[in-house]
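Data block below; observations after.
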Amino acid sequence: MAVHGRWWVAAILMVGILLPVGVLLAVPPFAQPQWFHQFADQRSCCGITNAANVLSNIPLVVMGLWGVWWLSEPERCRARLQPGTRWPYAAFFAAIAFTGLGSAWYHWAPDNQRLLWDRLPLAVAFMV
């Protein structure tokens, strides 16, 4: 009974996956309203538009790269991390670095096409 009675778990998982995918395919895409791209600080500095918004991403890039560098040496993190957890941490720190890069690129010239590169790496970081 234990093995044969668990088919419903697989069925629930499949519905939980297929239903959201079906909804996403059925709903037409919609654009972000243009007013969303207006930011409080639109000053330029040294040729960088929206400078405060762009430059505020530097700490994300630095900390993301630092995390990947720190995790690149197994001896350094062997005493601090559980076995097998180094790669998820590396993926997280890489996603943080890419979040900084994508967000800076978006804020330099905000529009709907660049918004994806602001949000996508952050979504990856949340998933990891």
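As the structure is a prediction and not an experimental result, all values here were calculated from the model.
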Under the rule for side-chain contact (heavy atoms from CB on, under 4.5 Å), what residues qualify as partners of [X], not counting sequence neighbours?
X     : value
Ile48 : Ala51, Val54, Leu55, Trp108
Gln82 : Thr85
Ser56 : none

### Summary
Per side-chain contact (heavy atoms from CB on, under 4.5 Å), Leu65 is matched among Val68, Val62, Val61 by Val61

## Note on the structure
On a heavy-atom basis, the closest approach of Asn50 and Gln42 is OD1-CA, 3.4 Å

### Task
Please list, chain by chain and in numerical order, all residues satisfying side-chain hydrogen bond (donor to acceptor under 3.5 Å, both in side chains) with Asn112, sequence neighbours excluded.
His37

### Summary
Residues passing the side-chain hydrogen bond (donor to acceptor under 3.5 Å, both in side chains) test with Asn57, sequence neighbours excluded, are Ser103

### Task
Hydrophobic side-chain clustering at under 4.5 Å (ILVMFWY, transitive links): who's grouped with Leu18? Put none if nobody.
Met14

### Query
Is Leu116 isolated, or which residues cluster with it under the ILVMFWY side-chain rule of less than 4.5 Å, directly or via members?
Trp105, Trp117, Leu120

Please tabulate, for the side chains in residues 90-102, all donor-acceptor contacts under 3.5 angstrom to protein atoms that are two or more places apart in sequence or on a different chain.
from, atom 1, to, atom 2, distance (Å)
Thr99, OG1, Ala95, O, 2.7
Thr99, OG1, Leu122, N, 3.2

### Where at least one partner belongs to residues 42-54, residue pairs that pass salt bridge (charged side-chain N to carboxylate O under 4.0 Å, His left out), sequence neighbours excluded
Asp41-Arg43

### Query
With hydrophobic residues grouped by side-chain heavy-atom distances under 4.5 Å, do Met63 and Phe126 end up in a single group?
no

### Query
In the single-linkage hydrophobic clustering (I, L, V, M, F, W, Y; side-chain heavy atoms under 4.5 Å), do Val9 and Ile12 co-cluster?
yes

### Task
Any side chain to side chain donor-acceptor pair (under 3.5 Å) involving residues 61-72? Give me the pairs, sequence neighbours left out, ordered by first then second residue.
none

With a cut-off of 3.5 Å and sequence neighbours excluded, list every side-chain donor-acceptor pair involving residues 19-32.
from, atom 1, to, atom 2, distance (Å)
Gln32, OE1, Arg119, NH1, 3.4
Gln32, OE1, Arg119, NH2, 3.2

